[in-house]
Visitor: 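This is the structure I have questions about; it appears just below.
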Amino acid sequence: MNEHPRHLLATPVQYVKGVGPVLAGILAKMGILTVGDLFHIVPQRYLDRRQVLPIATLAPGPDRTVIGNVVASGISFLGRRRKRIYEIILEDESSARVSAKWFHFHEKYLKEKFALGTKVVLSGEVTAFGNAYHYIHPETDVLTAEKGLADIAGKILPVYPLTEGLYQKTLRKIVRNAWDTYHQSIEPVFPEAMIEEHQLADPWQCLQELHFPSPDVGIELLSGGRTIAHRTLIFEEFFFLELGMALRRQSVVEAVGIASPRNDQIHELLLKALPFTLTPAQGRVIAEIRADLERPRPMNRLLQGDVGSGKTVVALAGALQVIANGHQVAIMAPTEILAEQHFSTLTAFLAPLGIPHGLLTSSVKGVEREEIMRRLSTGELPLIVGTHALIQEGVTFAKLGLIVVDEQHRFGVLQRAALKEKGKHCDLLIMTATPIPRTLALTLYGDLDVSVLDELPPGRKPIITKLYAEHLREKLYTGIRHELERGRQIYVVYPLIEESEKVDLKNATDMAEELKKVFEPDYRLELLHGRMKGDSKERVMADFKAGKIHVLVATSVVEVGVDVPNASVMVIEHAERFGLSQLHQLRGRVGRSEHQSYCILMADYRQSDDAKRRLEIMVQTTDGFKIAEEDLAIRGPGEFIGTRQSGIPPFRIGNLARDVAILSKAREAAFRLIERDPRLKAPEHAKIRQELITRWSGRLNLAQVS
Ligand code: ADP
Ligand code: MG
């Protein structure tokens, strides 16, 4: 049996005693296919059954266990509504009584189980009910001749996550059965030196502790995921994630790229052409990028900078160094509006430098399009800005040297990969204004270098954010008029949710009509939405930018990147319908100059708790990093990054919000290992290699090690 012990952990769960085809099907839905998977289910918390309390001493609180005889058992009616429930009453040697109630029940089953005189153990939370106490849906065990008290009480029990049709007791039992048969197959993965350095517990002990904790472990440590066993398992999980990252990174380091030596002359020209001086943060990040470009390996850099921190010019400085060395640069933006804006910004900054540049979106058609494609393929056109049109088939570059992806959170992983395909050895600069909490950056972009723009251009005043309800609409209009009179411009944004696109569009249109009545003819107001044709969108945007339109009523097409410094008010209608990072992005459209700016969140009276919290956070802070942390806390890592898209394996036990310290240690250990043994060839790393391939199966190009 012990010939291929690890192999046995891959045994399908069906073969575990007590698991039939139906149960195997239910487990499969939870992703539990093998014995190994079963061993790695992580209890959400633990039930403390070490102490049996006399009923007379019972007080409200969690994890209370009592034993008694059933003295009453049957249907009863609860409260003024006379809700039909099942109730039993237990009495113990102290002659005190306590009741247990079920709102969902199978009458016949409970009647048989809790016949009068039966000895029963109850566990769970005790709550006060009038001046008596009761349990609601407690865990119950009936004591029999075969199953004595010793089998039930005196233990700490795992409370596993469940799914429809799977009961806590069943799962406990099959984990036990699997353990009895297969636990000898669990083997250490890490070599001695690592175990010692990171003080890792033996994996067999870890899993034993996880599922069958000894009664003398602290219950808080257990439930909080803080035991040595937890720490070891979390370390292991993060280690293998980071090992995958380290390998990806290694393949980049080893790849041959393009070296673009510094060109100070062109850099000086750019600085002269700019209407402002760079912030120290911009200077620092530009230096990082220029140094990267100089090296003969592909750059892989993430630039994080809050909205309005001035990322565009940073990208441009990098682009010029590449162009000066005879290569092409492609800047990819997520929307047409943004691509057009970048194009006109570049046109303004580049005029004195005389560098040809083009725009390619799906609205660029016919001869114009063909001409641009031709000049890209011959290399005549050194700089192109565009949308995903850039990655369409038929677009070829003569010598692409740098790809800049703006507002990367709006692009899927696949789109990014497709662009990268266009230039195998290209340098890559990814920009995002959704600041990612450090923990998440380390996991998601563990294979990238990160630069941070942590400073806004000087003279910006913090945006004043107010939460308004409908009855303050008049006040809102007065405020808007006041700003218009001072020469400022206004955004009014409507949510656009895809399923009801038509209805929402009508809302935005109606809103535009209503606002026209209020502000025209003194001021000009226009509507902008995603369904407009490219050139009319462009016209509206250009007019707004030029100050010819005073109030822009828009759907969330203005969400990312749009830059009109004279705008000072952002009104967000139905703010409760937007996510935090979207709200932050929208607010970032104002506060882009020395003018005091305002963000007014118009919200419905009725809001979900999450919506309430989002709006509160928006009022409290303008710090993008804080907002991202909160967003992570509200939505959880999976939703926050879109786990399916991110391509990283889901976590079983590690918690990004809680286990930052372990993550950094695991990352360091993984990167060090790959530095020493880039192919994991050493015999003492064979098991690590094996485990890595299992965990990352399909998600990582592991050509180097497999
Ligand atoms: P984001 O990081 O949101 O993409 P942008 O690159 O659009 O920011 O820049 C925001 C605004 O700030 C633009 O109008 C830009 O011209 C301006 N800007 C950028 N850098 C500076 C600076 N150092 N000083 C003053 N204004 C700047
Ligand atoms: Mg931008």
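Numbering of ligands and ligand atoms starts at 1, following listing order.
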Visitor: Indicate whether any N or O donor in one side chain lies under 3.5 Å from an N or O acceptor in the other, for Ser451 and Arg301.
Guide: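 Yes - a donor-acceptor pair under 3.5 Å links their side chains.
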
Visitor: Please verify whether a non-hydrogen atom of Leu453 lies at under 4.0 Å from ligand 1.
Guide: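 Leu453 does not count as a contact of ligand 1 under the 4.0 Å cut-off.
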
Visitor: Would the His550 and Phe519 ring centres measure less than 6.0 Å apart?
Guide: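 No, the ring of His550 stays outside the 6.0 Å limit from the ring of Phe519, centre to centre.
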
Visitor: Counting only nitrogen or oxygen atoms and a 3.5 angstrom limit, does Gln341 reach ligand 1?
Guide: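 Looking only at distances, the answer is no, because the N/O contact criterion of under 3.5 Å is not met.
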
Visitor: Where's the contact between Gln585 and ligand 1, heavy-atom distance under 4.0 Å: side chain, backbone, both or neither?
Guide: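 No part of Gln585 is near ligand 1 at this cut-off.
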
Visitor: Say whether Asp306 and His584, considering side chains only, have a donor N or O and an acceptor N or O under 3.5 Å apart.
Guide: yes

Visitor: Heavy-atom distances under 4.0 Å are what count here, so tell me which part of Gln282 touches ligand 1: side chain, backbone, both or neither.
Guide: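 It is the side chain that gets close, since no backbone atom is under 4.0 Å.
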
Visitor: State the atoms of ligand 1, each with its element, that fall below the 4.0 Å cut-off from a heavy-atom position in Gly310.
Guide: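 Answer, ordered by atom number: 1 (P), 2 (O), 5 (P), 6 (O), 8 (O), 9 (O), 19 (C).
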
Visitor: Is the shortest distance from a Lys or Arg side-chain nitrogen in Asp406 or Lys311 to a carboxylate oxygen in the other one below 4.0 Å?
Guide: no

Visitor: Does the pair Arg486/Glu483 count as a salt bridge with the N-to-O cut at 4.0 Å?
Guide: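 Salt bridge between Arg486 and Glu483, a charged N being under 4.0 Å from a carboxylate O: yes.
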
Visitor: Can you find an N/O atom of Pro565 closer than 3.5 Å to an N/O atom of ligand 1?
Guide: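 Min N/O separation from ligand 1 is not below 3.5 Å for Pro565.
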
Visitor: Taking the minimum heavy-atom distance to atom 7 (O) of ligand 1, which of Arg592, Glu594, Met431 ranks first?
Guide: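 Looking at heavy atoms only, Arg592 sits closest to atom 7 (O) of ligand 1.
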
Visitor: Looking only at heavy atoms, which two atoms of Thr279 and Pro457 are closest? And how far apart?
Guide: CG2-CA, 3.6 Å

Visitor: I'd like to know whether ligand 1 has Gly308 as a neighbour, heavy-atom separation below 4.0 Å.
Guide: yes

Visitor: Counting from 1, what ligand 1 atoms have a heavy atom of Thr312 closer than 4.0 Å?
Guide: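 Counting atoms of ligand 1 from 1, those under 4.0 Å from Thr312 are 4 (O), 5 (P), 6 (O), 7 (O).
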
Visitor: So that I can tick it off, tell me whether Arg613 and Glu630 are bridged by a salt bridge, with the cut-off set at under 4.0 angstrom between side-chain N and carboxylate O.
Guide: yes

Visitor: Run the numbers for me: atoms of ligand 1, each under 4.0 Å from some heavy atom of Asp563, listed by number.
Guide: 10 (C), 11 (C), 13 (C), 14 (O)

Visitor: Among side-chain atoms of Thr361 and Glu340, is any donor-acceptor pair under 3.5 angstrom?
Guide: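 Not at all, the side chains of Thr361 and Glu340 share no donor-acceptor pair under 3.5 Å.
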
Visitor: Within ligand 1, which atoms have a heavy atom of Thr279 less than 4.0 Å away?
Guide: 23 (N)

Visitor: Are Arg667 and Phe671 in a cation-pi contact, defined as NZ or CZ under 6.0 Å from the six-membered ring centre and within 45° of the axis?
Guide: yes

Visitor: With heavy atoms under 4.0 Å as the rule, classify the contact between Thr277 and ligand 1 as side chain, backbone, both or neither.
Guide: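 For Thr277, only backbone atoms sit under 4.0 Å from ligand 1.
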
Visitor: Return yes or no for this condition: an N or O of Leu278 is under 3.5 Å from an N or O of ligand 1.
Guide: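 Between Leu278 and ligand 1 (N or O atoms, distance only) the closest approach is not under 3.5 Å.
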
